[in-house]
Amino acid sequence: MRQTLKDAFEIAWKDLADFFRDRMRLISFIIMPIFMMVMTGYIFPSQNSLNGVSIAVVNGDGGGAAASRVAAGLEQIEIGGTKSFNLLSASSADEAKDLIRQGRISGAIVIPAGFTQGIMSGKQAQVTIITDQSNPQVSAMLGTMLEKVVDAFSTKVAEEKLRAVTAMAPVPLLGDPDAAVRPFVVRQEGIVAGEPNYFQFMAPGIMAMVVVMAVMMGLAGAIAREREIGTLDGILVAPINRLSIILGKTFSQSVRGFTQGALVLVLAVLLFHVRVYGSLLLVALLLVLGIFSFVGLGILISAFASEQETAMTILMTLNFPMMFLSGAFFPVQQMPEIMRWLSRLIPLSYTIQGLRKVMILGAGLGAITTEIAVLAGFGLVTLAIAVPAFSKAITR
Amino acid sequence: MSEQVMIEVENLTRKFGGFVAVDHVSFAVPKGRVFGFLGPNGAGKSTTIRMLTTLLRPTAGTARISGYDLVKEPDKVRRKIGLVSEKLIVYDRLTARENLRLFGRLNHLPDDIIRERTEHWLRALKMEPWADHLAGTFSTGMKQRVNIARALLNMPEVLFLDEPTLGLDPQTTRSIREFIQDLRSQGVTIVLTTHQMYEAEALCDTIGIIDRGRMVAVGTSSELKKMLNGDGTAVIDLEIPNLSDDMVTAIAEVPSVKHIGHETATRLRVQTVAGTAGGASGAGGADPGAPGDTIGQVLARLLSSGARLASVNMAEPTLEDVFVQLTGHEMRDEVQDKVPSGRGHSRQRVAQRVAR
């Protein structure tokens, strides 16, 4: 066994020397996680924020005071110092729809004629929101925000009315008019202090994905590559245990994967103000287990793919669905039943789930025992299949 | 029979699906001898080497190498052998020395012995000045020398060389051939594959001619050539500046002509069989007559079909002629089978017709 480990170390040293001496590969190795982090960090909607989205206001109410207040309210909404909406005016609902079709605006709000009049005379007034169905994400957010504005406005009107009524009454009928209109308000409280941050959610997923995929790709690719160029024969003709080849390759790829993972974490902390609430040791443990769970699969692929290109094609096919099903980008809870079920079959899901618990919620070892057990189990089972298959396949 | 047999191959067979790449190959090599596999590409040379070096499992049959069974004790066999395969086993991003250290350690050699042998072989192969340069900066010939040093690190009793001079410049080829002869004199048993006649003749004590997975003949180069002289085969080289297909067809009709090789656009190599004892193979029942008669017939037909004969030579038979005699086709045909050209086809048709 000691000899096997020594041989494994030699192979790992060779792989790492080979890797770190290739400048181009080293550069892309460092840039890849940076791209990954920056891309996912900036292109995905980081908050429920809209920046300068053009919407049209169709003010059918003319000079009505209430209508102007709605429009003014929309204009004032801003998040992080930038105005959310860029208001245009349209003369009719039809014109607004045309503008949406042309892609010039993302939505419209229609204030009907007699809006102010209606409110003043004590009737229930109505506004219409027109959304752009070709862009569901923006339109959903727009809908929510416009509703909020209208809601806030109608609450204000209600309060004013109530105040007027209360003021007219001889004895105070009610306590606080606010409380009368909105009997309760909601206050949010998280498990850890601070605002929920989208990067905080993304970072564990990206880290796990980068590490696990780097190792799996590296493992299958490296063995297939050595077979293709013929150097694998040199290793195979040496009197060494077949296991030491697997161990050596796994070790060198893990070092690479870990380096990239650490890079992602450092970037997340420095650029996106991600905080790790739990222990870094547990983060490392989960990553090690995450790698372990995929080693078997990587070896199986390399055993049956005689060329590097074949190995890469198989891996790409597996990686793509895994990226989405593992919950790295989108919460699994939002997926339909069958996808959630599929997600449970992918070990990467457990790595990410565990990492989120530790990194975001500050969970301890006790809270991630399921994840640890599943990852270790998956790794053991696939390795038990892969190691004999590999030994057999490489000497066909 | 006091000689120690280092390699004993028995009915070694390998199938890939329905294709039989190596078909019941048997041979033995005594210690300190060079055995050469001669055959065209795709004949099964590399597959045999891969099996003998434990890289490929035989479908049937086995071999004993240095006294160990290939199938039952692969790890023991691996300690005794060195492999220089068709593909270079050298890591580009390691220096020559680092390459050797890596493989030395994988062969479980102590570091001081690795250092000593690295110096020794790099010096012997004239690679010392480049010991600490990355192998990726080397020419193919330099890499091949590091590759050979690597195969020799564990002081193998048996060295396998799969096309060791393939794609090398003439100078490196020569120095590698000399080096192989040195190794032989040091008692290393060597198996090498080649598709070059000259290399097989110059280096090998015994030559095994392999074609389509089958060992068609084994013997020393002179033994193999005697097979031709024994049955009265003669080889004539003809230089005909105005050579045409009609002339080739005309000669092909001579019953005792066994094979016509189209060497160049103006050169023919004609192999004839002469019946020393009445009937000869491939003569189709007709009495072929004495060699002189055959040559006369060939020349007569050529002249009557308008050939201008620039030169006529009785050639010493070569291993190529032996190969043609044994297999009925030229070694080059195999290669051309893969890329059919008009010329190649017509020549083969003639060859087939002649080799009834």
Side-chain angles (χ1 to χ4, degrees), chain A residues 1-26 29 222-249 252 256 303 306-308 388-396, chain B residues 14-16 46-47 49-59 68 70-71 73-95 98-109 111 114 134-136 143 146-147 150-151 153-154 156 159-160 162:
Chain A
M1 195 60 208
R2 240 186 103 207
Q3 190 62 59
T4 305
L5 286 177
K6 267 174 85 181
D7 294 338
F9 176 77
E10 286 302 326
I11 294 171
W13 170 83
K14 182 269 299 173
D15 274 359
L16 290 172
D18 188 65
F19 175 74
F20 283 106
R21 285 175 187 177
D22 184 345
R23 212 167 293 156
M24 267 327 283
R25 236 190 315 166
L26 202 59
F29 166 84
I223 293 176
R225 177 165 156 261
E226 281 215 42
R227 174 185 290 187
E228 208 173 324
I229 60 175
T231 47
L232 189 65
D233 288 348
I235 295 176
L236 291 175
V237 91
I240 59 168
N241 193 326
R242 293 327 185 215
L243 191 62
S244 55
I245 303 173
I246 295 175
L247 284 175
K249 291 272 168 198
S252 60
R256 290 170 51 175
S306 54
E307 278 165 48
Q308 195 183 4
F390 177 78
S391 302
K392 230 179 131 117
I394 47 172
T395 40
R396 281 173 214 277
Chain B
R14 175 66 205 203
K15 291 179 189 163
F16 291 104
S46 293
T47 309
I49 295 282
R50 289 186 70 78
M51 284 194 278
L52 293 178
T53 50
T54 75
L55 294 174
L56 199 65
R57 257 193 299 274
T59 310
Y68 296 111
L70 192 70
V71 180
E73 304 158 294
D75 244 17
K76 287 189 174 145
V77 170
R78 285 182 195 128
R79 281 173 214 283
K80 300 287 181 189
I81 61 171
L83 166 69
V84 174
S85 81
E86 216 175 348
K87 292 175 177 169
L88 296 167
I89 304 172
V90 174
Y91 289 101
D92 279 358
R93 284 189 202 86
L94 300 187
T95 65
E98 283 169 341
N99 264 296
L100 297 179
R101 191 180 59 201
L102 168 69
F103 286 105
R105 287 190 179 164
L106 290 180
N107 275 291
H108 305 154
L109 301 173
D111 277 2
I114 296 176
L134 292 184
K143 277 191 199 173
V146 177
N147 191 27
R150 174 199 55 74
L153 273 178
N154 61 338
L159 182 64
F160 292 92
D162 195 1

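So you know, we letter chains A, B, ... as the sequences are listed, proteins then strands, and number each from 1. None of these values were measured; they are calculated from a predicted model.
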- Nearest 0.5 Å please: distance from the CD1 atom of I11(A) over to the CG atom of L102(B). 7.5 Å

- Message: If I compare all heavy atoms of I89(B) with all of G230(A), which pair ends up nearest, and what's the gap?
- Response: CG1-O, 3.6 Å

- Applying side chain to side chain donor-acceptor pair (under 3.5 Å), which residue pairs with at least one partner in residues 229-246 of chain A are found, sequence neighbours left out? E226(A)-T231(A), D233(A)-R50(B)

- For L106(B) and I240(A), which heavy atoms make the closest approach, and how far apart are they? O-CG2, 3.1 Å

- Item | Close side-chain approach of H108(B) to K6(A), heavy-atom, < 4.5 Å | no

- Output the option from L88(B), N107(B), D92(B), T54(B) having the highest count of non-hydrogen pairs under 4.5 Å with chain A. N107(B)

- Note on the structure: Applying a strict 4.5 Å limit to non-hydrogen atoms, the region of L134(B) in contact with chain A is side chain

- Task: Return the option, out of R150(B), E98(B), R101(B), with the maximum number of heavy-atom pairs under 4.5 Å with chain A.
- Result: E98(B)

- Task: Please flag which part of V77(B) lies under 4.5 Å from any non-hydrogen atom of chain A: side chain, backbone, both or neither.
- Result: neither

- Item | Residues which pass side-chain hydrogen bond (donor to acceptor under 3.5 Å, both in side chains) with N99(B), listed by chain and number, not counting sequence neighbours | none

- Task: Flag yes if more than 12 heavy atoms outside F19(A) fall under 6.0 Å of its CZ atom; otherwise flag no.
- Result: yes

- Can you tell me if R78(B) uses its side chain to pair, donor with acceptor, with the backbone of L236(A) under 3.5 Å? yes

- Query: Does W13(A) have R105(B) sitting over its ring (NZ/CZ under 6.0 Å from centre, angle to axis within 45°)?
  - Reply: no

- Do you know the tightest heavy-atom contact between R57(B) and K392(A)? NH2-O, 3.1 Å

- Okay, side chain of K87(B), backbone of E228(A): is any donor-acceptor separation there less than 3.5 Å? yes

- Which value, rounded to the nearest 0.5 Å, describes the distance between I235(A) atom CD1 and Y91(B) atom OH? 3.5 Å

- Query: From R93(B) CZ over to K14(A) NZ, what is the distance, rounded to the nearest 0.5 angstrom?
  - Reply: 11.0 Å

